[in-house]
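Note sheet for the following structure.
Counting starts at 1 for both ligands and their atoms, following the listed order.
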Amino acid sequence: MDVPARTPTPAPVRLRGLGREPRARYRLLVQGRKKRHRRARPENPTLDDAARVRDFYAHPVGRDVIDKMFHLQGRSNRWVDNPIVGGMRLRTLDRLVRLFTGHELVPLVVDLANSEPHAPDPGEGQPEPTWWKEAVFYQVYPRSFADSDGDGVGDVGGILEHLDHLADLGVDCVWLSPIYDSPNEDGGYDVRDYRAVMAEMGTLDQVDALIAACHARGMRIILDLVVNHTSHEHEWFQRALADPDGPHGAYYFLLPADPEHPDQPPNNWESAFTGPAWRWIPEIERWVLHVFAPGQPDLNWENPRVRDEVVEVCRWWFDRGIDGFRMDVINFISKPPDLPDGHELIGDLLQVAGVEHYFYGPRLHEYLRELRERAFERPGSPPRVMVGETPGIGVETGRLLTGADRGELDLVFSFDHLESGSHSRFEDYRYDLEWYKRYLIDYQSRLGSNDWMTLFFENHDNPRMISKVNPEPEHRVALGKLLGTLQLTMRGTPFIHQGQELAAVNQPFTGIGDLQDVEAHRRFRALVDEGASEEDAWAQVLTSTRDHGRVPLRWDASPGGGFTTGTPWLVVHPDPGFSVAEQAADPDSVLQHYRRLIALRRRHRALRMGDVTFVDPERVGFFGWFRTWGTQRIRVELNLTDEPLTLPDHDPDADAGLLLGSHTVVRSGTLAPYESRVYRWPAVQQGLGAPEPQR
Ligand code: NOJ
Ligand code: MG
């Protein structure tokens with residue numbers, strides 16, 4: 001790769017080339033908190049067909065929609081800045097879209113934009129410190145963490161036995177994927193009983209012990225709240241089946257057939273796991289809505305009884321001492337009562353029909369506020385975190401869901417960054433870190449003191465990031481360290497997915513029989529049914545399967561990885577050198593690098609709460625920034641490429657300030673492929689030594 005020469009001295013943030021005007025941002029943070037005033041938020045005028053594209057883009061939903069469209073097409077949103085495009089009237093755009101696609105799309109998205117005229121209020125001063133802004137989260141996928149009883153399935157006992165791995169890593173808060181009683185059609189995201197523990201996972205007493213053990217180590221713990229849907233084996237659904245017109249029938253979307261079209265479901269919505277989102281239940285002669293697997297019927301949040309039940313479930317767990325919830329697909333909970341058909345073109349683009357009607361549904365904000373007030377923030381309750389998993393949510397709608405002035409969620413997982421360019425998870429391609437750099441700079445540039453973002457590359461629904469960026473084994477360690485450095489020194493709350501600290505990579509699964517994931521099986525079948533060869537279907541499923549992120553953790557170098565004494569529920573391939581025991585014994589391992597990074601983050605508030613200023617953002621292949629907190633200043637430099645990157649203007653005096661680097665041999669003025677470095681700045685700066693208390 002050609003590496004252009006670097007400009008001397010840290011440049012201020014420049015956003016040229018990213019499609020928007022440079023704006024006043026990153027006010028330098030001053031110690032001490034400014035009083036927050038609730039200000040009237042600017043309201044955008046209602047859009048009609050005489051409005052222009054740039055007016056639409058000024059609406060938060062409009063902006064997210066346009067950004068998403070450009071993203072899906074792999075094009076830059078800077079087109080909106082073009083006077084001809086930006087000045088185009090919506091009615092002209094509508095005509096053009098109809099002409100080229102045959103679809104009436106513009107009125108639909110304009111309605112959506114008009115439903116949200118308020119721009120998010122960025123706030124003033126500095127963000128209020130909260131524990132979850134300063135914490136490092138770690139996602140445990142319990143089925144694959146550690147098996148304590150030899151049945152091949154990870155369990156709560158296993159987590160208890162290995163909790164010190166997380167404490168040694170320096171984790172502040174553990175997020176447990178579902179441990180509830182479940183028939184396990186979708187890895188426990190199909191809950192049969194919210195107040196019971198899945199038999200193979202252990203007992204409620206063990207969960208209580210785990211909560212206490214986390215707290216005893218100074219860690220917090222949150223659970224996964226899966227309340228967009230239940231399992232079809234949940235008691236509520238069973239009662240609904242017994243009496244569809246009774247109170248529990250109204251917990252779900254149970255609809256009779258249209259006498260004119262008895263074979264047609266109530267609308268054209270599709271399941272995220274392929275196929276229609278409706279299942280016919282002959283015993284009760286009703287259709288039931290499931291936007292995920294057939295065994296995951298959607299709850300109808302329009303029904304106040306459903307919302308009461310959710311409040312009760314949350315309170316029940318809070319009484320047991322947990323510190324919050326990660327809330328599964330929480331942006332899907334509000335569906336328009338008339339359940340309109342999904343737009344065909346959007347369905348094609350997103351590969352799932354109907355989503356536009358419920359990813360940002362009409363009563364979403366109201367439901368979240370109500371839940372926060374009734375369950376999370378009761379008088380005298382400790383500060384708890386609400387982390388929303390929010391597929392489809394962009395930067396502006398994310399800010400509307402999390403603004404400190406909004407009383408809704410604290411954090412969202414927005415997923416737009418998990419695939420670069422116009423690529424989807426189902427394609428085999430190389431993820432472009434330069435693209436991510438631009439995405440992140442843009443995202444950060446839009447955040448004010450009311451906003452805070454999550455930082456993550458992996459979870460149990462995605463393949464491993466190292467494999468997406470560069471699967472060459474020679475780069476694995478450097479890349480693992482680079483991703484960790486980026487995540488743990490950037491402004492925002494990092495979520496590490498189990499195995500990431502060991503530089504976990506995708507697995508060499510050999511056939512569909514190796515996989516357990518419901519999505520992979522349904523997709524494989526659907527592709528073959530549509531006429532794909534088994535080989536092609538397998539190639540797509542192998543690249544995308546969520547099982548890459550669910551494979552049992554390797555604790556030692558033994559053949560089963562020390563995960564279980566039995567047969568693991570998901571095949572474990574040998575991975576010499578990358579188990580916890582081996583990496584703990586190697587001072588230069590990725591695990592040790594993560595430990596040092598987290599220790600550094602704990603030591604320096606600049607890394608947790610500090611302002612971020614990007615350095616030389618135009619420079620391809622280089623990613624650098626400062627984090628500043630009062631007099632503390634930390635500089636981070638990354639080489640995003642697989643070639644050496646020279647830093648011609650590098651000041652050799654700066655080397656003395658190196659706090660942490662990914663490589664043992666450090667060449668002044670040159671970053672090795674994927675090398676990452678963290679410096680004290682300037683090198684002689686005083687006052688960085690004292691550890692600071694964390695909230
Ligand atoms: C998101 C979860 O992360 C995923 O694993 C699950 O399949 C769906 N929500 C449905 O609950
Ligand atoms: Mg077990």
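Judged by distance alone, the side chains of Glu427 and His423 do bring a donor and an acceptor atom under 3.5 Å apart. In this structure, a donor-acceptor pair under 3.5 Å is present between the side chains of Asp224 and Trp175.
Here Phe273 has side-chain heavy atoms under 4.0 Å from ligand 1, and that is the only part of it that gets that close. Counting heavy atoms closer than 4.0 Å to ligand 1, residue Arg550 contributes side-chain atoms (C-beta onward) but none from N, CA, C or O. The proximity of Glu185 to ligand 1, defined as any non-hydrogen pair under 4.0 Å, does not occur for either the backbone or the side chain.
Figure legend: cation-pi geometry between Arg220 and Trp131, with NZ or CZ positioned under 6.0 Å from the six-membered ring centre and within 45° of its axis. A cation-pi arrangement, defined by a distance under 6.0 Å to the six-membered ring centre and an angle within 45 degrees of its axis, is absent between Arg305 and Tyr251. Within the cation-pi definition used here (under 6.0 Å to the ring centroid, within 45° of the axis), Arg286 does not qualify as a partner of Trp280. Cation-pi check for Arg320 over Trp316 is met; the charged atom lies under 6.0 angstrom from the ring centroid and within 45 degrees of its normal.
Here Asp155 reaches the Mg ion (ligand 2): one of its N/O/S atoms is less than 2.8 Å from the metal. Here Val153 reaches the Mg ion (ligand 2): one of its N/O/S atoms is less than 2.8 Å from the metal.
Asp147 contributes atom OD1 as its closest N/O/S atom to the Mg ion (ligand 2).
The protein atom (non-hydrogen) at minimum distance from atom 6 (C) of ligand 1 is Asp186 OD2, 3.3 Å. In terms of protein heavy-atom proximity, atom 3 (O) of ligand 1 is nearest to Asp461 OD2, 2.4 Å.
For the ligand labelled ligand 1, residue Glu519 lies outside the 4.0 Å heavy-atom shell. Assignment of Arg326 to the shell around ligand 1 is supported, since a heavy atom sits closer than 4.0 Å.
Here the closest heavy-atom approach between residue His573 and residue Gln507 is recorded as ND1-OE1, 3.3 Å.
Atoms of ligand 1 found under 4.0 Å from any heavy atom of Arg546, numbered from 1 in the order shown, are 4 (C), 5 (O), 6 (C), 7 (O). Close approach of ligand 1 to His229 (heavy-atom distance below 4.0 Å) involves ligand atoms 10 (C), 11 (O).
Nearest to atom 9 (N) of ligand 1 by heavy atom, out of Asp328, Asp190, Asn462, is Asp328.
Here Tyr594 and Tyr138 keep their ring centres 6.0 angstrom or further from each other. Here the two rings, on Tyr358 and Trp269, have centers that are under 6.0 Å apart.
If you put the vertex on the Mg ion (ligand 2), OD1 of Asp151 and OD1 of Asp149 sit 80° apart, to the nearest 10°.
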